[in-house]
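The structure appears right after this line, and notes come after that.
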Amino acid sequence: TNQQPKAQQPSIDPKTIYTHTHMISQKVMLRSAQRWRRMEQQRASLSALLLNHPRPPTQSSPSCTHSTPAAISPGPLNRSSSSSSKIRNQQRLNHRYHHRSYLSTSAQQDEEPLDDESSSSSSSPTSTTTPPQRAKAKQLSDRKPVVSKEDQHQEETKRKRLSEVPISEVLKSKHAYRWVDPVIHIDHTIQIALVTAIEGGLSGMMVLDPTDQNHVVGLLTTRDLLRIMAAGVKEGDTPSSIFDRTVGDYMTPISQVIYGRPDETIGMARTLMAKLRIKCLPILSRDGQVEGLITARDMSDFGLSAKERGGKRAYLTDVSDRVGLSTNTSMAEPPTYLKAHLALEQKPLYLNVGEAGLPHPFKTSDGMAESRRDWNTRENTSEDSSLSEDAHFFTTVTLPDETDKELRKFTYMGVADGVGSWREYGVDPREFSHRLMLECQNVLEEAQAAATGQLGGATGDAGISNMVATEQQMPLVMMPPAQIMAQAYERIKLQNVIGSTTACVALFDGVRHQLHFSNLGDSGLIVLRHIDSDVAGALKRDRHTPRTERKSDLQVAFVSQQQLLSFNHPYQLGWTGDETSQSESKSFKEPRDSCTSSVHVRRGDIVVMATDGLFDNVDLDEIRTMALEWEQQHGFLRGGDVSSRDRRWAMGNSLTIQSQEHIADFAQSLVERARSNSLNSSMDSPFAILAKENDIMWSGGMPDDVTVLALHVVGRDPNDLHMDGTQF
C-alpha cells in the first residue's frame, strides 16, 4: 500500500515509429543515390578525358575511383573494395525498407522532393524485391532531376530551331555584343565609306541626308564599294579620283531597298536574301524606323555560343584538323562534265533570234471586246499584230569594248507592254511602248555612228536623233541596258508622248558569255539549259520524273525578277504631260528603279524574252517542254543525249544555219500556245493560280497581247562561211 504509483509513460503509436523509421531510411537511400550519381559523373568525365588524352596511370582521388552498382549503371565496371562495401550497405538498406514498406503508404505521398543533383535509386540485382518495392524503385528511377530555370531556358534554346527565331532576337544579341551605328552621309566620299565599313566590320550602311540625320535616303554595301573601285580601275582612273567620288552617286536609292520586319523569322530572312542575292537586309519597324542591318554572318553567329566559338574544345573539334595547307597543295582539274564547256569558254558565242507576236484575241481597230460573248459575231480571233500594245526591238551594233576600247559587235534587244487602260482617257496605249522601243534602237545606232565616225543613223519618223540637246555626251563604249532605257525615256518625255509601259532591255556580250538586262514591270526573260542530273546538285535535278523516264535534262536555269506594286499592278514607265503630277504618282517608276542583273550563258542555251502575255498563260515547265520538242524536231538534240551534242560541237558541226532558220518557229509556237491557253476556261493558268493566292477568284487563262523573242546561243556566226563553202 505504501508503493507509490509510477508516472504514466506517454503512449507511442507503433505505426508512427515505423513511419519515421521508414522516412529516415528512405532519406539515407536517396542521399546514397545522390552520392553514387556524382561519383558516376566523375568517373564518366575521367574516362572521356583519358580516351581523348591518354596519359600514364596516376593515383587518383577516391571520389574518382568509386563506381556505381550495376543496377544504376549497367555494364561491367571495375569496383574497388570501398565500392563493394557501399553495395553491401545498400543491400541492408533495401532489406530494411522491404520489411517496413507496407506501413509507409501514407508517408510515400509526403515524400520530400529531390534536390538538383538527385537521381533515381534502385536495389541491387542480388537482393530480393517485392511488388511494392519494385513499384517504389521504378517511381524513383523515373523521377527526373530538378533543374534551375536558367538551365531549362538554355536547353529550350538549343532545342528551338534556329530558322524559327525572330529577327528581333538576332538584332538584340548583335547589339548587346557590340553596337556600331551603320550609317554614312550622302555627301561623304568613297574613302570615308571604306574606312567606316572596315573599322566597324559593316557589310552595309544606311545613307542619311545631312540636313536630317535620321532621314534615310539609300543603302550602300561593301559589294557596291568593290564595284565602284573595279569600274574606276577599268576606266583608268587614278586611286585618288576613285576615292573622291561621293556616296550619293553610287548608293541604292531608297525606292529599291529590300527590307525585312523584326517579327519575321531567320528562315524567312535567309530565303529572301538567297532569292534576291543580297548580303545585307535592313530591318524596318512598323513605325518606319530602321532598327538595324542583318547579314548571313549575324544569323550564323546567333546559333553559336561563345563557348562553341572559342576555347580548347572548339579549336580541337573545328580547327586543329583543318588548319594549314601543305606545300604541295594544288588546284584540282575541272570535273569531266565541264571540260567540254570550258574548252569553249575562250571562243565567242553568237545569237540566233526569232520573234513573234499576237494581239489580244478580241481586239479590233475600233477597240477591244470584253469577252468571248461580245466577240461571237466574228468568226476568228484577231491576228493583226499592228493592233498589239506590245512592242519590241532587236539590233546588233558595233561599239568600243569597255576594257580595250576595240570595236566589237554587241547584240541588244527589248520588249515593252503598253498599258491598255489609257484607252479610257482617249490615249492610244500603243504609242508609248512602240516609241520607247524605237528610241532604244535610235540611241544605239547613234552611238554606233559616233563610235565609228559615221554620220546619221536610223531615226524614227519624227527625227528623234536631233533631240539630244538635253542629254549628256554619248559615251563611246558599250552601253548598259539601264542607260539605254533611261535615254529613250527622256526622249519620249521631250516629245510629250502620254502613256505608260513595262519594259525589258537586254545586252548580249558574246565574248564574255554574259547576258545583261534591266527589267521594269512584269515582262522578263528566262534561260533554259541542259543540266545533267547525274552530276548536278540535288536542287537542280528533276525530282518528279524518275531518271529512267526522263527524255532530257533541260532545266530552267534562270528567271528574271518581276516588279509589282500589287497583284496585276506592275511597275511602269509613264508620262502624264505634267512634271508635278508625275513626281507625285506612285504608279510610275524611273529606269533606275528597274531590276538590273547579269547571267552567264553557255553554248546551246535557249533564252526566252517576252511580255506578260506569255508568262501569265504558259507555265515555265510547259515552255521548257516545248523548247525540248523544238530541239529534238530539228536535230539539235537526239534522244536527250547531251554528250553526243558536245561531240558534234567538237567536230565543228554547230548547226548554226539550221538554228537561224527555225528559231522563229519556236517563238511562233510559244505565242500560239499562249493564245490557246488564254482562251481555255477549264485550265488553271499561272495568272489564275496567282490570282487565287491573292484572294481573287479567277479561272482559265488571261487574254492579252503577247510578244516573244526566242534566242538560241550558238558557237558560230550564221554569216560565216567556211573556206570550202560549207556553212556551220
Side-chain angles (χ1 to χ4, degrees), residues 349-358 415 515 524-534 536 540-560 601-649 653-680 682-687 701 706-715 718:
L349 297 177
Y350 303 90
L351 276 183
N352 285 327
V353 183
E355 51 189 282
L358 284 174
V415 295
L515 182 66
L525 58 85
I526 64 172
V527 178
L528 304 176
R529 177 176 301 162
H530 287 277
I531 304 176
D532 191 350
S533 63
D534 289 337
K540 295 294 185 180
R541 294 174 182 165
D542 183 358
R543 292 170 290 178
H544 303 289
T545 307
R547 182 69 179 90
T548 56
E549 299 179 7
R550 296 178 201 159
K551 298 180 180 179
S552 163
D553 288 313
L554 184 65
Q555 301 293 330
V556 180
F558 179 81
V559 179
S560 64
V601 294
R602 291 181 178 176
R603 186 176 183 178
D605 286 355
I606 298 176
V607 183
V608 178
M609 173 184 283
T611 58
D612 63 333
L614 175 69
F615 300 122
D616 283 348
N617 292 290
V618 186
D619 187 78
L620 297 182
D621 288 335
E622 190 174 0
I623 297 175
R624 175 178 60 87
T625 302
M626 295 177 64
L628 176 61
E629 293 174 353
W630 175 79
E631 283 186 313
Q632 295 176 341
Q633 179 183 358
H634 299 287
F636 301 108
L637 193 72
R638 301 184 183 278
D641 187 4
V642 180
S643 59
S644 62
R645 183 194 63 174
D646 295 340
R647 289 192 297 268
R648 171 170 57 81
W649 287 347
N653 187 5
S654 181
L655 298 181
T656 299
I657 299 301
Q658 191 167 354
S659 169
Q660 184 186 38
E661 293 175 350
H662 297 287
I663 187 63
D665 298 338
F666 176 53
Q668 185 64 32
S669 65
L670 288 176
V671 298
E672 291 176 356
R673 181 65 61 86
R675 165 69 67 84
S676 175
N677 289 354
S678 69
L679 300 176
N680 187 352
S682 62
M683 65 168 290
D684 264 345
S685 63
F687 182 87
V706 56
T707 296
V708 172
L709 294 180
L711 319 175
H712 194 204
V713 182
V714 295

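- Using a 4.5 Å cut-off on side-chain heavy atoms (C-beta onward), Trp630 and Ile663 make contact.
- Under the 4.5 Å side-chain criterion, counting only non-hydrogen atoms from C-beta, Phe558 is in contact with Leu525.
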Leu351/Val713 under side chain to side chain contact (heavy atoms under 4.5 Å, CB included): CA gap, chis, key distance, verdict: CA-CA 5 Å; Leu351 276 183; Val713 182; 3.8 Å; yes
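- Glu629 and Gln633 share no side-chain donor-acceptor pair at under 3.5 Å.
- Side-chain contact between Val601 and Leu711 is absent, with no heavy-atom pair separated by less than 4.5 Å.
- With 3.5 Å as the limit, one finds a donor-acceptor pair spanning the side chains of His530 and Glu631.
- Here the shortest heavy-atom pairing between Ile606 and Ala627 reads CD1-CB, 4.0 Å.
- For the pair Phe666/Val608, a side-chain contact is recorded, criterion being any heavy-atom separation below 4.5 Å from C-beta on.
- The minimum heavy-atom distance linking Val556 with Arg624 is given by the pair N-CD, 4.2 Å.
- Leu614 places a side-chain heavy atom less than 4.5 Å from the side chain of Ile623.
- Between Arg675 and Leu679 there is a side-chain heavy-atom pair separated by less than 4.5 Å.
- Centroid-to-centroid, the aromatic rings of His712 and Phe636 come within less than 6.0 Å.
- The closest side-chain heavy-atom distance from Arg603 to Ser654 is below 4.5 Å.
- Using a 4.5 Å cut-off on side-chain heavy atoms (C-beta onward), Ser678 and Asn617 make contact.
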